[in-house]
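Here's the structure, in structure tokens; my notes come after.
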Amino acid sequence: MSLFSVYQMGFPVELVILIISPIIIVILEIILLKVGVKVTKAEKRTNLKWILASLFIQIGVITFIGLPFILMGITGQFNLGGPPLEYLIPIAIIGIIVEINLINAIHESGIGGSILIFTLFIIPMIFLVYILVTTIPSV
């Protein structure tokens, strides 16, 4: 069943985008993590099983670190504006440091390699967040 046939069945375009985009992003994340691990010549845990584990651990850590902002968004505290910068900036810096060290601990690619892998990981995530933030209000 193709994307066009799902659209022909009467599903709204926004719903199709919300279903398909995370799947595409996860596949892209797997490919980019595998490429990043190969480029940096990581020493350990470079097979697909560990790439998948690393991907889901990283997503879990980002979700855990961002949980206060997720809860603030759900409860409607952003109605007057975005998240408060005095909370967002320190938590983002701590989250980036934790993620880079987590990647280094899992794959042992060194700090420079971990920064490259993290960069390859975060770019598709930014696109996914943008797609979700712009699509969900119209559903």
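Note that this is a predicted model, so its numbers are computed, not measured.
Listed by first and then second residue, the salt bridge (Lys or Arg N to Asp or Glu O under 4.0 Å) pairs that reach into residues 89-115 are Lys44-Glu108, sequence neighbours excluded. Listed by first then second residue, pairs satisfying side chain to side chain donor-acceptor pair (under 3.5 Å) with a partner in residues 112-122 read Ser109-Ser114, not counting sequence neighbours. For residues 26-41, there are no side chain to side chain donor-acceptor pair (under 3.5 Å) pairs, not counting sequence neighbours. Legend: side chain to side chain donor-acceptor pair (under 3.5 Å) pairs involving residues 47-60, not counting sequence neighbours, sorted by first then second residue: Ser54-Gln58, Ser54-His107.
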field: Leu33 and Leu52: CA distance, side-chain angles, deciding distance, side-chain contact (heavy atoms from CB on, under 4.5 Å) verdict
entry: CA-CA 9 Å; Leu33 279 176; Leu52 289 172; over 6 Å; no

Test side-chain contact (heavy atoms from CB on, under 4.5 Å) applied to Leu32 and Phe121, step by step: CA-CA 7 Å; Leu32 287 176; Phe121 170 78; over 6 Å; no

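Hydrophobic clustering (ILVMFWY, side-chain heavy atoms < 4.5 Å, transitive): Ile23 and Ile131 are in distinct clusters. Taking hydrophobic clusters as Ile, Leu, Val, Met, Phe, Trp and Tyr residues chained together by side-chain heavy-atom distances below 4.5 Å, Leu18 does not share a cluster with Ile27. Hydrophobic clustering, with ILVMFWY side chains joined whenever heavy atoms are under 4.5 angstrom apart, keeps Ile93 apart from Val129. Cluster membership for Val133 and Phe127, using ILVMFWY side-chain heavy atoms within less than 4.5 angstrom, is not shared. Both Met72 and Leu88 are members of a single hydrophobic cluster when ILVMFWY side chains are connected at heavy-atom separations under 4.5 Å.
A distance of 12.0 Å separates CD1 of Ile31 from CD1 of Ile51, quoted to the nearest 0.5 Å. Note: Leu128 CG to Leu28 CG = 10.5 Å, rounded to the nearest 0.5 Å. Taken from CZ in Phe118 to CD1 in Ile122, the straight-line distance is 4.0 Å, to the nearest 0.5 Å. Note that CG of Leu55 and CD1 of Ile106 are 10.0 Å apart. Values are rounded to the nearest 0.5 Å. Note that CD1 of Ile103 is 11.0 Å distant from CD1 of Ile57, once rounded to the nearest 0.5 Å.
Within the 3.5 Å criterion, the main-chain N or O of Leu132 finds no donor-acceptor partner in the side chain of Thr135.
Of all non-hydrogen atoms in Ile65 and Gly95, the two that sit nearest each other are CD1-CA, 3.6 Å. Nearest approach of Ile17 to Pro22, heavy atoms of both residues: O-CD, 4.1 Å. When all heavy atoms are compared, the tightest approach of Pro124 to Ile25 is O-CD1, 3.8 Å.
The hydrophobic cluster analysis finds Tyr130 isolated: no Ile, Leu, Val, Met, Phe, Trp or Tyr side chain comes under 4.5 Å of it, directly or through other members. Residue Leu71 belongs to a hydrophobic cluster whose other members are Leu67, with links defined by side-chain heavy atoms closer than 4.5 Å.
Under the 4.5 Å side-chain criterion, counting only non-hydrogen atoms from C-beta, Asn104 is not in contact with Ile117. Looking at heavy atoms from C-beta onward, Phe69 lies in side-chain contact with Ile91 at the 4.5 angstrom threshold. In this structure, Ile59 and Met125 have side chains that are in contact, with non-hydrogen atoms separated by less than 4.5 Å. Residues Ile30 and Leu48 form a side-chain contact, since some pair of their non-hydrogen atoms from C-beta on lies under 4.5 Å apart.
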